[in-house]
Number of protein chains: 2
Amino acid sequence: MKNPQELFADYLADKNLKVTPQRRLILDTFLKQDGHLSSEELYANVKKRDSSIGQATVYRTLKLLNESGLIEPLDFADGVVRYEWSYGQTHHDHLICDKCGKNIEILDETIESRQEQLAEEHGFKLLRHKMYLYGICSDCRSK
Amino acid sequence: MKNPQELFADYLADKNLKVTPQRRLILDTFLKQDGHLSSEELYANVKKRDSSIGQATVYRTLKLLNESGLIEPLDFADGVVRYEWSYGQTHHDHLICDKCGKNIEILDETIESRQEQLAEEHGFKLLRHKMYLYGICSDCRSK
DNA sequence: ATGATTGCAAAGAATTTGCAGCTCT
DNA sequence: AGAGCTGCAAATTCTTTGCAATCAT
């Protein structure tokens with residue numbers, strides 16, 4: 001079983017691209033934070049570890065990670081693009097609190113299979129989907 | 001039953017905002033095109049009818065229409081924000097062809113009720129949701 | 001060696017805002 | 001009259017790109 005750095009290295013090698021300290025550090029920082037990071041947040045964290053790294057390199061690395069399928073962009077409807085590690089993860093969707101921003105990963109087999117079926121009924125071959133549920137969490141409602 | 005212009009006028013009046021020829025024209029243009037318009041496309045169409053209208057006014061009006069709940073932003077995953085008329089429409093989701101961009105409005109009761117239930121199971125009061133299914137349509141596959 | 005990568009600054013793209021004059025109510 | 005609007009241009013925000021120096025293989 002390969003670890004994330006190895007997976008990324010494989011992807012880079014396959015594209016004749018190079019493993020660099022910056023790329024390693026950015027990926028490592030991303031993984032340490034986990035959760036759902038924006039480019040901005042990631043850049044801030046990366047700079048704490050190596051202040052010489054430029055913003056553009058973070059953008060470029062996120063792009064590579066995304067193309068490689070290792071991470072995926074998320075849309076929490078607050079105008080910020082966030083990413084999450086996706087490789088090897090079971091697919092899931094997100095339940096987001098409009099008030100505090102808390103987000104919970106969810107998965108429902110009933111929905112997943114109906115999606116597949118729905119697409120088929122319309123002659124589509126389903127490739128992927130996005131589902132976001134927005135509401136107010138119990139904490140925020142009890143305040 | 002009020003028409004869109006009346007609904008918009010009501011919203012504006014309620015906020016002590018004004019009905020202006022520009023706002024009327026922008027909404028009218030939006031409705032004539034229907035479908036799923038980006039700000040860019042809408043602006044282009046608006047300019048055909050009144051070239052003196054500025055881009056900023058289109059942005060400002062779309063913002064108002066969105067706040068009023070009359071229209072809603074869509075994410076077809078092609079990097080462009082589009083809007084659709086939403087007031088009085090039954091809720092629906094979208095099935096989008098990654099190849100040709102075709103999009104079909106879909107609705108599935110099974111999914112809708114499971115979403116409600118899922119949110120509840122996590123202590124959330126569900127306010128809204130977004131679901132997009134991406135795939136390849138039959139036309140594009142048979143080419 | 002040599003093609004890829006980096007940081008920087010400049011460039012872009014999309015959207016927002018300040019302002020002076022004009023318009024709706 | 002007077003708060004709200006408008007078009008314009010300048011300003012923001014987020015992201016990408018050109019470039020000369022540097023690095024990975």
Side-chain angles (χ1 to χ4, degrees), chain A residues 5-6 8-30 36-68 71 73-83, chain B residues 5-6 8-30 36-68 71 73-83:
Chain A
Q5 292 289 356
E6 289 168 334
F8 192 30
D10 287 352
Y11 174 78
L12 293 172
D14 184 55
K15 297 270 178 183
N16 282 322
L17 302 177
K18 289 165 182 167
V19 174
T20 66
Q22 290 91 335
R23 287 176 180 167
R24 255 198 299 266
L25 178 64
I26 290 168
L27 174 51
D28 189 62
T29 304
F30 182 90
H36 306 96
L37 280 184
S38 66
S39 167
E40 212 59 49
E41 290 163 345
L42 179 57
Y43 177 52
N45 290 328
V46 163
K47 276 239 291 221
K48 282 180 201 156
R49 299 175 64 182
D50 180 347
S51 64
S52 73
I53 291 183
Q55 174 121 259
T57 302
V58 173
Y59 276 113
R60 287 188 277 230
T61 303
L62 279 174
K63 197 174 175 195
L64 288 172
L65 287 166
N66 184 59
E67 285 163 5
S68 73
I71 67 173
L74 300 177
D75 177 11
F76 288 178
D78 58 356
V80 180
V81 179
R82 292 159 204 285
Y83 292 88
Chain B
Q5 292 289 356
E6 289 168 334
F8 192 29
D10 286 353
Y11 174 77
L12 294 172
D14 184 55
K15 297 270 180 183
N16 281 323
L17 303 176
K18 289 166 182 167
V19 174
T20 66
Q22 289 92 334
R23 287 176 179 168
R24 254 198 301 265
L25 178 64
I26 290 168
L27 174 52
D28 189 62
T29 304
F30 182 90
H36 307 95
L37 280 184
S38 66
S39 166
E40 212 59 50
E41 291 164 344
L42 180 57
Y43 176 52
N45 290 329
V46 163
K47 278 238 292 221
K48 282 181 199 156
R49 299 175 64 181
D50 181 347
S51 64
S52 74
I53 291 182
Q55 175 122 254
T57 301
V58 173
Y59 276 112
R60 286 187 277 230
T61 304
L62 278 174
K63 197 174 176 195
L64 287 172
L65 286 166
N66 184 60
E67 285 163 6
S68 72
I71 67 172
L74 300 176
D75 177 10
F76 288 179
D78 59 355
V80 180
V81 180
R82 293 160 203 285
Y83 292 87

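No experiment lies behind these values; they were computed from the predicted model shown.
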Could you list the protein-to-nucleotides 8-13 of chain C atom pairs, N/O on both sides, closer than 3.5 Å?
none

*Rounded distance (nearest 0.5 Å) linking atom CG of A:Asn45 with atom CG of A:Leu37*: 6.5 Å

*Begin from the C-alpha positions of A:Phe8 and A:Thr61 and carry the test side chain to side chain contact (heavy atoms under 4.5 Å, CB included) through to its verdict.*
CA-CA 10 Å; A:Phe8 192 30; A:Thr61 303; 4.2 Å; yes

*asked:* Quick check: closest heavy atoms across B:His36 and B:Glu41, and the distance to 0.1 Å?
replied: O-OE1, 3.8 Å

_What residues from residues 9-16 of chain B pass a heavy-atom cutoff of under 4.0 Å to DNA chain C?_
none

_Can you measure B:Leu25 atom CG to C:dC24 atom P for me and round it to whole angstrom units?_
13 Å

*Nearest whole angstrom, please: distance from the P of D:dC14 to the OH of A:Tyr83.*
13 Å

*List the steps, then state whether side chain to side chain contact (heavy atoms under 4.5 Å, CB included) holds for B:Ser39 with B:Val81.*
CA-CA 8 Å; B:Ser39 166; B:Val81 180; over 6 Å; no

*asked:* Tell me the interatomic distance from A:Glu67, atom CD, to D:dT15, atom P, rounded to whole angstroms.
replied: 15 Å

_Could you tell me how far apart B:Glu40 (CD) and C:dT16 (P) are, to the nearest whole angstrom?_
13 Å

_Residues in side-chain contact (heavy atoms from CB on, under 4.5 Å) contact with B:Arg60, at least two apart in sequence or another chain_ = B:Ala56, B:Thr57

_Integer-rounded Å distance: C:dT16 C1' and B:Asn66 CG_ = 15 Å

*Which of the following nucleotides, C:dT5, C:dT17, C:dA14, is nearest to the side chain of B:Tyr59?*
C:dA14

_Any residue meeting side chain to side chain donor-acceptor pair (under 3.5 Å) with A:Tyr11, in chain and number order, not counting sequence neighbours_ = none

Please tabulate the protein-to-nucleotide N/O contacts below 3.5 Å involving nucleotides 21-25 of chain D, giving atom names and distances.
{"residue": "D:dA24", "atom": "O3'", "partner": "A:Val19", "partner atom": "O", "Å": "3.3"}
{"residue": "D:dA24", "atom": "N3", "partner": "A:Lys18", "partner atom": "NZ", "Å": "3.4"}

*Does B:Arg49 have any side-chain contact (heavy atoms from CB on, under 4.5 Å) partners at least two apart in sequence or in another chain, and if so, which?*
B:Leu25, B:Asp28, B:Thr29, B:Lys32

*Distance, rounded to the nearest Å, where B:Glu41 contributes CD and C:dT15 contributes P*: 12 Å

*How long is the line joining CZ of A:Arg82 and P of D:dT15, in whole Å?*
12 Å

*Expressed in angstrom and rounded to an integer, what is the separation of B:Leu62 atom CG from C:dT17 atom P?*
15 Å

*asked:* Please determine whether side chain to side chain contact (heavy atoms under 4.5 Å, CB included) holds for the pair B:Leu64 and B:Lys15, giving the CA-CA distance in whole Å, both sets of side-chain angles, and the decisive distance to 0.1 Å.
replied: CA-CA 10 Å; B:Leu64 287 172; B:Lys15 297 270 180 183; over 6 Å; no

*Of all residues at least two apart in sequence or in a different chain, which pass the side chain to side chain donor-acceptor pair (under 3.5 Å) check with A:Lys47?*
A:Tyr43

*Report the residues that fulfil side chain to side chain donor-acceptor pair (under 3.5 Å) with B:Lys18, sequence neighbours left out, ordered by chain and then residue number.*
none

*asked:* Suppose we screen for side chain to side chain donor-acceptor pair (under 3.5 Å). Which residues come up paired with B:Arg82, at least two apart in sequence or across chains?
replied: B:Asp78

